[in-house]
Amino acid sequence: MAIDCMTNIHSMSQPQKHHHHDHKEDEAPLVFDASLLRHQLNLPKQFIWPDEEKPCMNVPELVVPLIDLGGFLSGDPVATMEAARMVGEACQKHGFFLVVNHGIDASLISHAHSYMDDFFEVPLSEKQRAQRKTGEHCGYASSFTGRFSSKLPWKETLSFQFSAEEKSSTIVKDYLCNTLGQEFEQFGSVYQDYCDAMSNLSLGIMELLGMSLGVGKTCFREFFEENDSIMRLNYYPPCQKPDLTLGTGPHCDPTSLTILHQDQVGGLQVFVDNEWHSISPNFNAFVVNIGDTFMALSNGRYKSCLHRAVVNSKTTRKSLAFFLCPKSDKVVSPPSELVDDLTPRVYPDFTWPMLLEFTQKHYRADMKTLEAFTTWLQQKRS
């Protein structure tokens with residue numbers, strides 16, 4: 001799942017510009033009001049994707065390793081080694097894997113799904129109290145209509161920041177209450193708890209990633225200990241012409257690690273071996289994938305993978321995406337063990353806010369984000 005989604009790949013030396021005002025002056029700005037659009041047979045042209053990017057519904061299922069974290073979480077060294085081996089294998093193939101017996105309370109996951117309806121099913125004008133401002137990544141976005149003028153995703157999102165620092169222990173709850181009103185206090189508490197749980201789970205997965213790369217279990221865990229992450233609620237309403245549009249366009253996540261929980265409605269597709277595959281919902285599992293920032297941390301040894309979301313004509317699809325990101329002052333630079341004469345440095349040093357700014361203001365995230373960002377950074381520094 002994305003910070004944003006893909007557009008056509010322009011010349012790498014010219015970062016893509018976001019067009020905020022390229023609607024004709026006589027056209028009213030497009031508003032994505034799901035309560036109306038979900039019944040429309042004729043889709044506004046901005047939602048119709050080019051033929052070469054239109055979705056195919058019947059795609060083969062991706063065989064994704066199901067990694068049992070039970071033994072790792074209880075400290076069993078043999079189970080831990082096996083989990084690290086399976087994580088490493090998945091990250092060399094495509095960067096996607098499922099985790100079960102992850103220690104996250106099932107009722108917390110259920111609450112996090114059910115509370116989404118409390119927000120997304122209110123009238124648009126109420127949701128717009130949390131409207132995302134141009135150039136920012138937090139708040140409510142209805143299909144990113146303010147940012148892009150074509151290939152719009154068929155979805156609504158609510159995104160907010162999380163911080164693992166002790167002094168920010170109520171950051172999610174405070175943001176949601178301040179933005180939406182005190183009646184959302186319980187809503188805020190649920191997502192504060194959910195983010196805390198996701199942050200802890202991420203740190204465990206970082207131990208396994210460190211072991212799989214041979215840099216030890218504490219290396220990446222310590223790097224992300226005080227993470228500044230992003231939580232996103234994704235809401236994909238039904239669409240009467242699901243074969244013409246996408247819920248989220250093809251992209252690689254620019255963040256470090258994504259932990260996704262899908263409801264029972266399928267829609268996630270991953271591009272592997274030159275074709276799209278689906279990852280079926282499993283309510284007991286989280287879908288985990290690495291993003292561009294971790295790809296840079298691993299010196300390119302582990303690759304982020306292209307994925308997208310499709311929609312359907314009958315049922316709303318919901319997903320919870322936690323994007324692990326380093327603390328803003330941390331320099332993304334691979335451990336020395338991953339750099340040698342055979343594998344020299346692939347990407348320059350950067351901080352996460354630099355890459356985030358690039359994807360918010362200069363470039364619509366796709367499969368070449370890191371490449372384009374590297375070029376942009378080098379030009380900026382020279």
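- Side-chain contact check for V287 versus V64: every heavy-atom pair is 4.5 Å or farther apart.
- Using modelled atom types, one side-chain atom of T245 and one backbone atom of F47 make a donor-acceptor pair closer than 3.5 Å.
- Atoms CD1 and CD1, from I205 and I290 in turn, are 12.0 Å apart once rounded to the nearest 0.5 Å.
- In this structure A296 satisfies the side-chain contact (heavy atoms from CB on, under 4.5 Å) test together with V332, Y347, F350, L370, sequence neighbours excluded.
- No side-chain donor-acceptor contact under 3.5 Å links Y140 and T179.
- Checked by atom type and distance alone, the side chain of K151 never pairs as donor or acceptor with a backbone atom of P50 at under 3.5 Å.
- In this pair, F322 and F162 present their aromatic rings perpendicular. The plane angle is above 60°, beyond the 30 to 60° band.
- When all heavy atoms of E183 and L180 are compared, the closest pair comes out as OE2-O, 3.7 Å.
- Under the 6.0 Å cut-off for aromatic ring centres, H261 and F283 qualify, their centroids lying closer than that.
- P237 is not listed as a side-chain neighbour of L37, based on a closest heavy-atom distance of 4.5 Å or more.
- Side-chain atoms of K155 and L246, non-hydrogen and from C-beta on, never get closer than 4.5 Å to each other.
- Residues V99 and I259 fail the side-chain proximity criterion, which asks for heavy atoms closer than 4.5 Å.
- When Q269, H277, H94, H251 are each tested for a side-chain hydrogen bond (donor to acceptor under 3.5 Å, both in side chains) with H307, only one passes: H251.
- At least one donor-acceptor pair under 3.5 Å links the side chain of S114 to the backbone N or O of H111.
- Side-chain contact between F119 and L233: absent, with no pair of heavy atoms (C-beta onward) separated by less than 4.5 Å.
- Side-chain atoms of D76 and S74 form no donor-acceptor pair, as typed in the model, at a separation below 3.5 Å.
- Heavy-atom minimum distance, E207 versus K217: OE1-CE, 3.1 Å.
- Judged by distance alone, with hydrogens and angles left aside, the side-chain atoms of D228 form no donor-acceptor pair with the main-chain N or O of C325 at under 3.5 Å.
- Put simply, the side chain of N299 gets close to the backbone of P344: a donor and an acceptor are under 3.5 Å apart.
- In terms of heavy atoms, I67 sits closest to A83 at CG2-CB, 3.9 Å.
- For the residue pair T343/D340, the side-chain donor-acceptor check at 3.5 Å is satisfied.
- Side-chain atoms of E337 never come within 3.5 Å of backbone atoms of G216 as a donor-acceptor pair (strictly under, hydrogens ignored).
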